[in-house]
2 protein chains.
Amino acid sequence: MDQQFKKKATIYDLSVLSGSSPSTVSAVLNGTWRKRRIKESTAETILSLAERHQYTTNLQARGLRRSRSGLVGLMLPIHDNRYFSAMAQTFEGHVRGRGQCPVVVSASRDPEEERRTAETLISYSIDKLFIVGATDPDGVHEVCEAAGLRHINIDLPGAKAHSVISDNYEGARMLTEAIIRQFGNDDPLRPDELFLFGGRNDHASRERIAAFHATKRALLGADPDDGVQSSGYSPDITLRAFEAFSQRHGKLPRALFINSSINMEGLLRFMAGRPAEMFSELVVGCYDYDPFASFLPFPVIMVRQNFEAMIAKAFELINEPPTAPQIFLIAPELIQPRSALKGPLDTLKDIA
Amino acid sequence: MDQQFKKKATIYDLSVLSGSSPSTVSAVLNGTWRKRRIKESTAETILSLAERHQYTTNLQARGLRRSRSGLVGLMLPIHDNRYFSAMAQTFEGHVRGRGQCPVVVSASRDPEEERRTAETLISYSIDKLFIVGATDPDGVHEVCEAAGLRHINIDLPGAKAHSVISDNYEGARMLTEAIIRQFGNDDPLRPDELFLFGGRNDHASRERIAAFHATKRALLGADPDDGVQSSGYSPDITLRAFEAFSQRHGKLPRALFINSSINMEGLLRFMAGRPAEMFSELVVGCYDYDPFASFLPFPVIMVRQNFEAMIAKAFELINEPPTAPQIFLIAPELIQPRSALKGPLDTLKDIA
DNA sequence: AGTTAATGCACCATCGATTGTGCAAGCGCA
DNA sequence: TGCGCTTGCACAATCGATGGTGCATTAACT
């Protein structure tokens, strides 16, 4: 019955009910009452009233007054991807652990959208912003800077704020090497049989491509310069790249370095409708980890970016006093084919 | 230079600069100025000042005054899953299209956490809440109801608010049938060769299990009653279920009905370290769609829940005047092995 | 000229919580 | 009794935007 359909209780309601002033009620409810020398018994009265009337703080009012909201933002390129969604999962755990409220939004890898999204979040007075895989991190930085908002880049670096990123060069080096070593000595891979698909003109892609070239040259002795087919972060564009390649050469290469799981979906689209046998000799290296991809009918070597470490490092940095922007590299891990790793979900409890 | 390190501009700043009152500035900036009969020239002055000083509305202040925030919430069980993250992606598109700000949070399938999360969101005066796959939808309902918050269940139904869910019975029927038909007439599947793994005691699992039993009985003539191994929504528990089964029977069944992609990850964990040949005869039906899973080295028939339609229907319903709670079934689609479908990402543009 | 109506905007209370300040009552002590 | 200190709390301004109300001006019209 109580407050069934009435509006939510406020400190003013409790103030009337308890006979104390609103400021006393406020202090009791937000925990600053000892500092304000409120009697213990007064506090108890108010707390029990609050409970009885199901009081909950209006966080917008608090946020307005304090000019921060208790919200912590995570800006992703997209949701629908294991790498980013695993990151979101890990991020939530951290934020919840600090008693704040995580807000996860995506900005579609569109610089304009990224800035708009940041501005919207700022309008809600979020306390911190973690910028993941932004196409234009420095654009977002300007927006945050102007609002005095603490922020940090993850996955793709910016020049104007700290960045925590995967060691893309080393990851791609390991991956390229692993692809090459996957072929035995009887029938070793030739330089013109290993191609890279996917990627844009972003920092990660550039590093990976550089490592790809260097490693090919180092291990295979040569590196024909048509070995890279940038196809953005889009399954369909990647599909078309495979189709074009296959049209030109009559088949796919024996070995592929695929820049991300999104590009890998382009390969799946290419495979769909084509006989499985066409791919039985294929060896794929993919710069991303997805448990299902790891068990495809051909060897898929993957790179698992250590997003837990990246998020942890980012939280560490964002709380430190600001210094000159720096890039922190986090080592990724090479994952052999047919590996089903634990993920952030494994820490959740479940019924038996 | 302008406002470089000053606080953000407010309507009061603009009011001083423009010589108009704060209320006039407010009206101009929020678009209600025609209704308030503000002169066009006044509006123009203020708008240009706003632009020059990079004014942005403090949405917490607006939210406090209007007692709604422009935030629309999506509560997921988890992020790290293609089904749910695809849903988040689609949801964001809808919310953005309506000029509001999407907030996606997860609640770990924990009833307590679900309620707490809802309360937190309510404290921020969110306008609407979409509750996806909640373990205790009715618990969340109470919280929303008490706050007068519009809300709707998706994926798992509640008794006290509208629910938009997959037609789990029909989906499982199709899936079970497809699994059975996957075996030719030479060596047809026997009833004791098809097992269901995964699921909890939730509505979806119950429906699927019922359809599984009924379809087995209808098509195979019998249905031994140990055919179902509930193992929650946890890869590891599912792994243990497979290990136990394999210990008991010396091998896995020839055919598996797997309740979700999460349980499917349990199968992957089982496969890891075991020779691929062990699974060459396996046929799997999975109630979920994941493009990579679709191309595993054995036939994987999948059910793709139509989350786009579910989200669309939910948006339709949540804006209608409330009526008695109803359940709306959305037909899922049976996906043949080796299918790489388009997803929500395909609507994003990408550089070529 | 005088009345009415429309125009253009200012005033002010309000949303709910926070926080600096001030003051009365109670107490110890000379 | 009187001074000063502590205890316990109330007061009131404030965060930034909103929207109902009402008051001048000017325009329209008899």
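FYI, side chains are in, hydrogens and waters are out, and symmetry mates aren't considered; it's all heavy atoms of this structure. To find a chain, count down the sequence lines: A is the first, B the second, and so on, and within it residues start at 1.
Dashed line: the shortest gap from a side-chain N or O of B:N30 to OP1 or OP2 of D:dT18 is under 4.0 Å. Residue A:T24 places at least one side-chain N or O under 4.0 Å from the OP1 or OP2 atom of D:dA10. The shortest distance between the side-chain N/O atoms of A:S21 and the OP1/OP2 oxygens of D:dC9 is not below 4.0 Å. Using a 4.0 Å cut-off, no side-chain N or O of B:R65 falls inside it from OP1 or OP2 of C:dG16. In terms of phosphate contacts, B:Y12 brings no side-chain nitrogen or oxygen within less than 4.0 Å of OP1 or OP2 of D:dT14. Dashed line: the shortest gap from a side-chain N or O of A:S26 to OP1 or OP2 of C:dT18 is under 4.0 Å.
Between B:L59 atom CG and D:dG16 atom P the separation is 13 Å, expressed in whole Å. We find that CZ of A:R68 is positioned 14 Å from P of D:dG16, with the value rounded to whole Å. Straight-line distance from the CG atom of A:L29 to the C1' atom of C:dG16: 12 Å, rounded to whole Å. Going from atom CD of A:Q60 over to atom P of C:dT18 covers 14 Å, rounded to whole Å. Spacing between atom CD1 of A:I46 and atom C1' of D:dA10 amounts to 12 Å, rounded to whole angstrom units. When rounded to the nearest whole Å, the span between CG of B:L14 and C1' of D:dA17 equals 12 Å. Rounded to an integer number of Å, the gap from B:L64 CG to D:dG16 P is 12 Å. B:I11 places its CD1 atom 14 Å from the C1' atom of C:dC15, with the value rounded to the nearest Å.
In plain terms, the two heavy atoms of B:A43 and B:I38 that are nearest each other are N-CG2, 4.4 Å. When all heavy atoms of B:N153 and B:G158 are compared, the closest pair comes out as ND2-N, 3.4 Å.
Within 3.5 Å, a donor on the side chain of B:S23 pairs with an acceptor on the base of C:dC11, or the reverse. Donor-acceptor pairing under 3.5 Å, judged by distance alone, is absent between the side chain of B:R62 and the base of D:dT18.
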If you restrict it to nitrogen or oxygen atoms, what contacts under 3.5 Å exist between nucleotides 6-8 of chain C and the protein, and what is each distance?
residue	atom	partner	partner atom	Å
C:dG8	N7	B:R37	NE	3.3
C:dG8	N7	B:R37	NH2	2.5
C:dG8	O6	B:R37	NH2	2.9

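Ring to ring, A:F130 and A:F315 are close: their centroids are under 6.0 angstrom apart. For B:H79 and B:F84, the ring centers sit 6.0 Å or farther from each other.
Between atom OG1 of residue B:T90 and atom CD1 of residue B:I311 there is a gap of 6.5 Å, rounded to the nearest 0.5 Å. Taking CG of B:D127 as the reference point, atom CG of B:L121 lies at 11.5 Å (rounded to 0.5 Å).
Within 4.0 Å (heavy atoms only), A:T57 reaches sugar-phosphate atoms of the nucleic acid but no base atom. Among the heavy atoms of the strands lying under 4.0 Å from A:T10 are primed sugar atoms or P, OP1, OP2 only; no base atom is included.
Considering only heavy atoms from C-beta on, A:L71 stays 4.5 Å or farther from A:Q100 through its side chain.
Along DNA chain C, the nucleotide nearest to A:A61 and the one nearest to A:T32 differ in position, and the one closer to the 5' end is contacted by A:A61.
Under the 30°/60° scheme for interplanar angles, the aromatic rings of A:H141 and A:H151 are found to be tilted.
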